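Keep in mind that what you see is a predicted model, and the values were worked out from it rather than measured. Hydrogens, waters and symmetry mates play no part in the numbers below; they use all other heavy atoms, side chains included. A, B, ... follow the sequence lines: proteins, then strands. Residue 1 opens every chain.
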There are 2 protein chains.
Amino acid sequence: MERKEISKAVISRLPRYYRYLGELMEDGVERISSNDLSIRMKVTASQIRQDLNNFGGFGQQGYGYNVKYLYTEIAKILGIDRQHNLVIIGAGNLGQAIANYANFERRGFIIKGMFDTNPRLIGLVVRGIEIRGVEDLEQFIVDNDVQIAALTIPKTKAPEIADRLVKAGIKAIWNFAHTDLVVPDDVVVENVHLSESLMRLSYKVCSMQDQEAENQNKS
Amino acid sequence: MERKEISKAVISRLPRYYRYLGELMEDGVERISSNDLSIRMKVTASQIRQDLNNFGGFGQQGYGYNVKYLYTEIAKILGIDRQHNLVIIGAGNLGQAIANYANFERRGFIIKGMFDTNPRLIGLVVRGIEIRGVEDLEQFIVDNDVQIAALTIPKTKAPEIADRLVKAGIKAIWNFAHTDLVVPDDVVVENVHLSESLMRLSYKVCSMQDQEAENQNKS
DNA sequence: TAGATTGTTAATCGATTAACAATC
DNA sequence: TAGATTGTTAATCGATTAACAATC
């Protein structure tokens with residue numbers, strides 16, 4: 001079966017398309033042209049058509065794209081029509097924030113368990129899920145067919161836990177720890193480095209200030 | 001003053017350089033060549049040299065880069081040597097997670113206040129910061145010279161609060177709400193769309209599974 | 001001086017945009 | 001059929017990598 005590699009840039013745009021299509025559906029919009037969508041999303045129509053055509057022809061000449069159809073097709077591409085079992089490791093504020101995110105289960109992500117090392121947290125129940133100690137982590141992953149682990153623990157503990165997860169057969173790690181994990185090629189890592197995001201924000205603020213100062217000087 | 005536009009791709013890599021340099025410093029490493037750093041970071045040496053040269057020559061032929069010097073220079077570029085006053089709007093788990101992030105203040109981000117609409121949260125103290133109602137948001141921003149607002153509220157409330165922030169003269173929004181904010185050109189937005197991150201993870205997991213299934217078929 | 005390594009130019013690669021024929 | 005809009009090819013733009021002269 002032929003399967004040409006889809007570029008990372010295209011994939012990273014799909015969730016945003018998905019979000020806009022969801023909103024269009026809520027607004028009762030049945031069809032939309034690449035041009036109308038491009039105006040809403042502030043991207044080029046060309047890019048939308050090019051992106052979507054990586055996965056086959058979802059549109060129809062002279063008509064545009066059927067919103068509902070496109071929405072479900074993108075869900076299939078992203079794999080959010082399937083079910084993924086997930087654990088959260090680190091039951092602090094960030095772990096709990098993720099556990100409480102309502103739309104989670106709607107997207108097929110089932111939180112099977114939460115883990116922490118803090119004895120004060122162990123035994124507590126968040127969103128109907130009991131917080132466990134990390135001792136029986138491996139067994140739990142195997143028993144519950146867990147594919148994804150959200151890692152919301154300090155960076156010092158992250159590498160060790162990641163190793164244990166990999167050995168237990170985890171397929172993917174959603175990494176919130178401020179470090180790069182080293183894992184085998186067949187284990188997927190998606191990083192959310194909030195500190196890096198904040199630094200990018202800082203850069204933007206400063207360069208905006210510099211720019212404004214410059215404009216002042218000119219006038 | 002000449003100031004050639006730095007590409008977004010370069011900026012988004014700077015925080016990662018900064019992180020690695022910080023670790024090298026902790027390890028007591030004094031100097032490093034682009035080649036050695038490239039091996040650690042799993043990027044090309046060429047890219048490192050190209051990236052850094054956007055901001056001037058930080059290295060020395062035959063020697064490499066002085067870790068400490070490069071570290072402080074990148075901090076300057078990112079603007080994290082300056083001080084930024086910040087408020088957190090939305091004192092739920094995510095807002096509290098951000099408030100509790102220890103390295104925050106070390107990077108020059110001073111949390112001046114936290115806000116929420118939930119009467120049960122108002123008055124509570126997190127990390128020495130009292131949670132306030134959003135009524136006096138504008139006044140607080142002006143009085144405390146707040147430049148940045150972290151928005152950790154549901155997407156339904158985000159546009160209205162964003163408008164109020166803009167009118168109060170905020171410079172930047174760190175947006176965790178699952179929506180794109182509409183703001184004037186001189187207001188900076190850095191989005192953290194966790195749901196999109198999770199979908200990218202989902203895609204990667206699925207495409208890895210497909211790939212493995214394919215390899216099975218071949219053998 | 002010789003060796004190492006940068007800064008920088010040139011070559012390559014990939015991603016975005018433009019254009020238009022195909023077709024609903 | 002005529003108009004609209006896609007799918008897709010070609011052109012452009014930007015980012016990454018390679019190469020090497022400059023220089024510490």
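- As rounded to whole Å, 12 Å separates atom C1' of dT17(C) from atom CG of Asp51(A).
- Side-chain N/O atoms of Gln60(A) and base N/O atoms of dT5(D) include no donor-acceptor pair closer than 3.5 Å.
- Regarding Ile39(A), its CD1 atom lies at a distance of 13 Å from the C1' atom of dT5(D), rounded to whole Å.
- Annotation: side chain of Tyr101(B) is in contact with side chain of His178(A) (closest heavy-atom distance under 4.5 Å).
- Partner Val146(B) forms a side-chain contact (heavy atoms from CB on, under 4.5 Å) with one of Ile170(B), Leu137(B), Leu86(B) and no other, that one being Ile170(B).
- With hydrogens and angles left out, the side chain of Ser7(B) and the base of dA15(D) share no donor-acceptor pair within 3.5 Å.
- The distance between atom NZ of Lys42(A) and atom P of dT16(C), rounded to the nearest whole Å, is 19 Å.
- Regarding Asn54(B), its CG atom lies at a distance of 14 Å from the C1' atom of dT9(C), rounded to whole Å.
- Taking atom CG of residue Asn53(B) and atom P of nucleotide dA22(D), one finds them 16 Å apart after rounding to whole Å.
- OP1 or OP2 of dT16(C) lies within a sub-4.0 Å distance of a side-chain N or O belonging to Arg13(A).
- Across every strand in view, dG14(C) sits in a pair with dC13(D) that passes the Watson-Crick or G-U test at under 3.5 angstrom.
- Contact annotation: Ser34(A) does not reach the phosphate of dT5(D) (side-chain N/O to OP1 or OP2, under 4.0 Å).
- With both pairing distances under 3.5 Å, dA21(C) is matched to dT6(D) as a Watson-Crick or G-U wobble pair.
- Rounded to a whole Å, the OH atom of Tyr65(A) is 12 Å from the P atom of dT5(D).
- One atom, CZ of Arg49(B), and another, C1' of dT9(C), lie 12 Å apart when rounded to the nearest Å.
- In terms of position on DNA chain C, the residue among Tyr63(A) and Arg31(B) whose nearest nucleotide sits closer to the 5' end is Arg31(B).
- The backbone N or O of Trp174(B) sits nowhere less than 3.5 Å from a side-chain atom of Glu190(B) that would complete a donor-acceptor pair.
- Looking at heavy-atom distances under 4.0 Å, Ser46(A) makes contact with a base.
- Evaluation of atom-type donor-acceptor distances gives no pair under 3.5 Å for the side chain of Gln50(A) against the base of dT6(D).
- The pair Lys112(A)-Asp145(A) does not meet the salt-bridge criterion, since no charged nitrogen lies less than 4.0 angstrom from a carboxylate oxygen.
- One can place CD of Glu5(A) at 17 Å from P of dC13(C), the figure rounded to the nearest angstrom.
- In terms of phosphate contacts, Thr44(B) brings a side-chain nitrogen or oxygen within less than 4.0 Å of OP1 or OP2 of dT17(D).
- Ion pair Glu196(B)/Arg19(A) flagged as a salt bridge, since at least one NZ, NE, NH1 or NH2 atom sits closer than 4.0 Å to an Asp/Glu carboxylate oxygen.
- Picking from dC24(C), dT6(C), dT17(C) the nucleotide with the shortest atom distance to the side chain of Gln61(A) gives dC24(C).
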